[in-house]
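Working notes for the structure below.
Residue numbering restarts at 1 for every chain, and letters A, B, ... go by the order of the sequence lines. Computed over heavy atoms, backbone and side chain alike; hydrogens, waters and symmetry mates excluded. Because the structure is predicted, anything quoted here is derived from the model rather than measured.
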Amino acid sequence: MKTRYEPAEVEPRIAQTWLESGINNPAPEGDSSENYSIAIPPPNVTGVLHMGHALNNAVQDTLIRRARQQGKRTKWILGTDHAGIATQTQVEKQLISLGTSREEIGREQFVNRVWAWRELYGGEIIEQIKRLGSSVDFSAERFTMDADYAQAVLKVFVELYEKGLIYRDRYLVNWDPGSLSAISDLEVQDVEVTDTLYYIDYPLASGSGAITVATVRPETMLADVAIAVNPEDERYRRLIGETAVLPLAGRRLKIIADDYVKTEFGTGALKITPGHDPNDFEIGNRHGLPHPSVIGEDGRMQGEDVPERFLGLKAADARDAIVAELDELGLIQRREAYTHTVPFSQRSGERIEPLISLQWFMRMDELAKPAIDVVRSGQIRFHPERWTKVYLDWMENLRPWCISRQLWWGHQIPVWYHDDGRVHAGVEAPDGSGWERDPDVLDTWFSSGLWPFVTLGWPEQTPELKAFYPTDVLSTGRDIIFLWVARMIMLGLEFTGEIPFSDVYVHSIILAPDGRRMSKSLGTGLDPRGLIDGGERPPAFASAPDEDPGEFPAYGTDAVRWGLLAMSSGQDVRFNEEKVSQAQQLTNKLWNASRLVLQRVDSDTRADARPHAPEDHWILARLQRAQLAVGEAIDAFEFSRAALALYDFVYGELCDWYLELVKPRLYDGDADTAATLLHVLTETVTLAHPLIPFVTEEIYAHIPGSEGLLAGRRAQSAASAGISDTGSEDEVQRAIEAIQAIRAWRDAADVKPAAILPARLAADGYGETVTHLARLGRLELDASGGSADGAAAAAAAIVIPGGVVEVLPSEDVDAEAALRKRDAKRRELEAEIRRAGGKLANEKFVARAPAEVVQAERAKLEALRAELEAL
RNA sequence: GGGCGGUUAGCUCAGUUGGUAGAGCGCCUGCUUUACACGCAGGAUGUCGGGGGUUCGAGCCCCUCACCGCCCACCA
């Protein structure tokens with residue numbers, strides 16, 4: 001074994017071992033109540049691994065490995081998502097670079113190309129997940145466009161259609177001019193924009209003046225159908241029912257009254273354009289107005305309401321032309337800069353054009369109800385808990401979901417239209433001729449909403465479905481709670497009658513060191529592979545702004561995953577490399593602790609707890625406490641607590657103390673000590689395995705007598721027994737504190753580190769641990785231990801729990817320094833005594849605080865006084 | 001406009017029934033102690049965002065203000 005743990009050499013080898021072992025590929029036996037399963041959030045098929053994946057994989061892998069240690073049959077369902085728009089856009093870009101386009105090659109050719117593209121790049125992210133050592137079932141990889149999956153999607157569509165939950169309608173939708181498709185409300189993002197607000201006169205038909213409206217989109221005025229004012233508005237009340245003349249077009253517009261109109265905004269008069277504005281659409285419906293359209297799906301002016309000179313102009317150009325003409329006519333009263341929020345497409349980044357379009361919609365109210373109930377009743381729990389409210393608030397105000405997309409890559413809508421007007425919805429095409437299939441495809445989230453059960457074979461009642469559905473945990477980032485999680489709950493309940501998972505863990509978002517989002521375009525992105533295998537450190541991750549960023553060391557997967565888990569806490573956090581480095585030190589520490597043990601233990605020794613000395617009982621108890629702490633933290637989805645609890649045990653207890661305390665016995669070749677050490681080491685790597693699987697697996701392989709893989713080893717059940725020996729725990733705890741006090745005293749008193757000081761122990765509660773005080777405190781303890789008459793006067797006294805260590809005069813002790821140290825300690829004690837005494841002198845405290853708190857304070861005061869006395 | 005989260009040591013963050021503030025990194029002082037210098041021992045460092053309140057006692061509970069971030073929302 002090398003003195004340094006080298007993940008680059010170990011990890012790929014171990015990952016391969018796990019892959020070949022079959023531990024990730026459970027047989028579909030039993031049912032879901034006894035088994036444990038997680039469906040991975042399917043990454044985009046052409047995606048690459050980013051920090052969010054790395055964290056989420058660490059979370060899920062930790063959960064899976066812990067469940068497996070508890071003896072459960074575990075399955076982590078793997079697969080990728082076809083990601084309609086994202087994938088189509090990539091392939092379109094490729095076509096353009098080749099000098100062609102999807103229109104030119106046609107739909108069939110295009111879809112073939114996307115499949116070819118998927119063959120080429122689709123495996124990359126799977127390979128990356130393999131490198132992470134994730135315990136996913138690689139033998140059963142799914143894809144949302146696989147034939148079986150596609151059949152299930154169509155079946156779901158048809159059933160919802162037949163129930164009347166899916167319908168086709170002309171409705172105002174979010175039109176994305178970038179992808180030339182409708183998108184759902186969740187895919188638009190409001191962005192603050194400064195526009196010009198135009199105040200435009202609409203002459204009254206009566207000829208007596210004009211009514212002025214304010215708008216940022218003059219080009220839509222050609223689709224105006226009315227002018228609305230507030231019924232309470234004194235200025236306009238007399239005009240209600242009159243008509244105005246639409247400039248440039250000459251159409252008559254009725255002046256109507258509607259409460260929606262705010263009197264204080266703009267002029268208090270609002271032009272109503274139902275075809276191009278969501279609010280106007282509502283108002284128009286209330287008043288039975290038509291909703292003509294003047295902007296087409298290509299973003300250009302079109303329709304019978306558009307005068308010929310504007311036809312075919314892009315909306316923005318039409319605006320300029322229309323404003324120019326209005327200016328000529330003197331109809332623009334004024335303009336002002338106006339900052340407001342405007343919807344943009346998250347996909348293409350283009351400004352949304354609201355327009356009336358024939359689309360497929362899904363009614364959500366009926367589906368939402370049971371999905372609300374299961375969360376309210378606690379059948380599904382969110383972690384951290386605050387997301388429950390976010391989910392419920394959203395679910396209670398669901399509007400219809402626009403599910404059709406004008407794309408070619410995706411699940412084509414299973415509806416056929418006949419020349420004669422008949423409509424057929426079905427998984428299979430209708431017989432006969434004259435049928436034409438709806439060209440649109442379904443929103444990607446429609447198919448991913450079926451993920452947890454279709455991946456297991458639904459609608460067939462497969463053994464996999466029986467064994468692993470419902471799944472246990474769904475782990476994800478908060479950005480897709482609505483897009484994905486909510487829809488899985490609704491569709492899962494609707495089609496399987498069961499919740500798709502019982503716990504939703506919403507993990508942290510890892511931010512760049514400057515607090516901004518990690519993003520490639522901002523230059524704040526970080527490729528996890530650079531951290532794992534070593535690579536250039538991006539400038540945003542340099543230790544100082546102007547410094548050469550240098551390179552990441554090859555931290556390894558264990559370090560990156562422990563670091564990410566330790567960073568994340570249910571709170572968004574800035575990435576800090578120190579945590580990863582801390583993890584690297586932890587793996588190295590564990591590695592070297594193992595070396596210490598393994599190098600000194602005979603190969604025929606077997607792990608077995610055979611405690612003799614107090615410290616043996618102590619470490620077994622501490623180990624048990626660590627098992628409880630780590631286990632509880634993981635079960636509560638508090639991964640940073642789990643990671644730090646492990647760290648504290650390995651560093652603060654196992655390495656700093658136990659190994660130091662048993663070294664003499666280990667060097668003596670004591671058989672019981674060796675067996676006990678192997679036991680502690682085995683249980684420690686088992687405990688650590690879910691968090692740092694690689695290094696622990698590697699160490700386990702070196703432990704004499706270890707069988708099989710650590711990944712398949714069942715863990716001790718920590719909760720099953722009480723802490724074995726609290727008496728020894730206390731005794732060793734005291735010894736530790738005493739040694740620390742002695743060391744601190746030596747340091748402060750300028751004693752040479754190597755010097756062994758003659759001393760006398762005058763304290764209670766130190767039995768066998770006296771030898772530890774002597775060795776680790778570098779003392780030559782007077783064998784008599786007492787303060788017999790005639791013994792030399794002490795040169796100094798070191799306060800330790802239960803008494804003092806009297807240091808006898810010797811050439812290594814500087815009496816002056818010792819005196820200074822003693823006085824400092826005395827002042828410290830006196831201050832504490834004053835504080836405690838003051839508290840107890842407070843009658844109200846004594847009267848009202850709980851008895852045990854008061855009692856504890858009294859005991860402390862007494863102990864402090866005794867210490868002072870001893871000095 | 002509504003909601004949620006944050007503000008704790010120089011930096012990144014813990015602090016889960018209210019009982020004298022913690023970790024890692026960084027900093028200071030020592031140490032070739034036969035597992036580890038990616039090490040060991042010791043040390044310094046905080047009016048816990050501001051203000052008010054409840055309480056014997058508040059980083060934790062209540063009110064309020066400020067700033068930062070996120071989400072939702074139909075003001076032309």
Base, sugar-phosphate alone, or nothing: which one does [X] contact when heavy atoms must sit under 4.0 Å apart?
| X | answer |
| --- | --- |
| V213(A) | nothing |
| L644(A) | nothing |
| V573(A) | sugar-phosphate |
| E832(A) | base |
| K2(A) | nothing |
| Q582(A) | sugar-phosphate |
| K271(A) | nothing |
| P850(A) | base |
| F281(A) | nothing |
| E660(A) | base |
| Y5(A) | nothing |
| R4(A) | base |
| E857(A) | nothing |
| A744(A) | sugar-phosphate |

Over how many whole Å does the gap from [X] atom [atom1] to [N] atom [atom2] extend?
| X | N | atom1 | atom2 | answer |
| --- | --- | --- | --- | --- |
| H276(A) | C74(B) | NE2 | P | 19 Å |
| Y202(A) | A76(B) | OH | P | 16 Å |
| W745(A) | A41(B) | CH2 | C1' | 16 Å |
| Q346(A) | C71(B) | CD | C1' | 12 Å |
| R665(A) | A35(B) | CZ | C1' | 17 Å |
| E264(A) | G1(B) | CD | P | 13 Å |
| D479(A) | C71(B) | CG | P | 9 Å |
| N174(A) | A73(B) | CG | P | 11 Å |

Legend entry - Nearest-neighbour nucleotide for the P753(A) side chain, G30(B), U20(B), G24(B) considered: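 The nucleotide sitting nearest to the side chain is G30(B).
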Could you tell me which nucleotide pairs with [N] by Watson-Crick or G-U wobble geometry, both distances under 3.5 Å, or answer none if nothing does?
| N | answer |
| --- | --- |
| A76(B) | none |
| A41(B) | U29(B) |
| C36(B) | none |
| G69(B) | C4(B) |
| G24(B) | C11(B) |

Separation between the [atom1] atoms of [N] and [M], rounded to whole Å:
| N | M | atom1 | result |
| --- | --- | --- | --- |
| C27(B) | G10(B) | C1' | 9 Å |
| C65(B) | U7(B) | C1' | 14 Å |
| G69(B) | G52(B) | P | 28 Å |

Legend entry - Contact nearer the 5' end of RNA chain B, comparing T215(A) with Q585(A): Q585(A)
Legend entry - Residue mapping more 5' on RNA chain B - nearest nucleotide basis, D185(A) or S594(A):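 Result of the comparison: S594(A).
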Inset, instruction - Check whether more than 12 heavy atoms from other residues, nucleotides or ligands sit under 6.0 Å from atom CZ of R399(A), and answer yes or no. - result: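 Incorrect, the count does not exceed 12.
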Legend entry - Candidate list S640(A), P384(A), S568(A), test side chain to side chain contact (heavy atoms under 4.5 Å, CB included), partner S508(A), passing option: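 Of the listed residues S640(A), P384(A), S568(A), the side chain to side chain contact (heavy atoms under 4.5 Å, CB included) partner of S508(A) is S568(A).
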Inset, instruction - Examine the base of A76(B) for any acceptor or donor lying under 3.5 Å from a partner atom in the side chain of K262(A), and report the outcome as yes or no. - result: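 Check fails, no donor-acceptor contact within cut-off.
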Inset, instruction - Go through the N and O atoms of the side chain of E578(A) and the base of A23(B), and report whether any donor-acceptor pair is under 3.5 Å. - result: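 Answer is no: no donor-acceptor pair is held.
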Legend entry - Donor-acceptor contact below 3.5 Å, side chain R478(A) vs main chain V506(A):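 Checked: no pair found.
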Inset, instruction - Take R217(A) and E353(A) through the test salt bridge (Lys or Arg N to Asp or Glu O under 4.0 Å) and record every step on the way to the result. - result: CA-CA 11 Å; R217(A) 302 206 57 197; E353(A) 189 66 66; 2.8 Å; yes
Inset, instruction - For the pair F482(A) and W394(A), name the ring-plane relationship: parallel under 30°, tilted 30 to 60°, perpendicular over 60°. - result: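 Taking W394(A) first and then F482(A), their aromatic rings lie parallel (interplane angle under 30°).
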Inset, instruction - Taking the six-membered ring for Trp and the single ring otherwise, decide whether the centroids of Y505(A) and F382(A) are under 6.0 Å apart. - result: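 No.
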Inset, instruction - Would you tell me if any nitrogen or oxygen in the side chain of Y647(A) comes within less than 4.0 Å of OP1 or OP2 on G24(B)? - result: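 So the side-chain polar atoms of Y647(A) never come under 4.0 Å of the phosphate oxygens OP1 or OP2 of G24(B).
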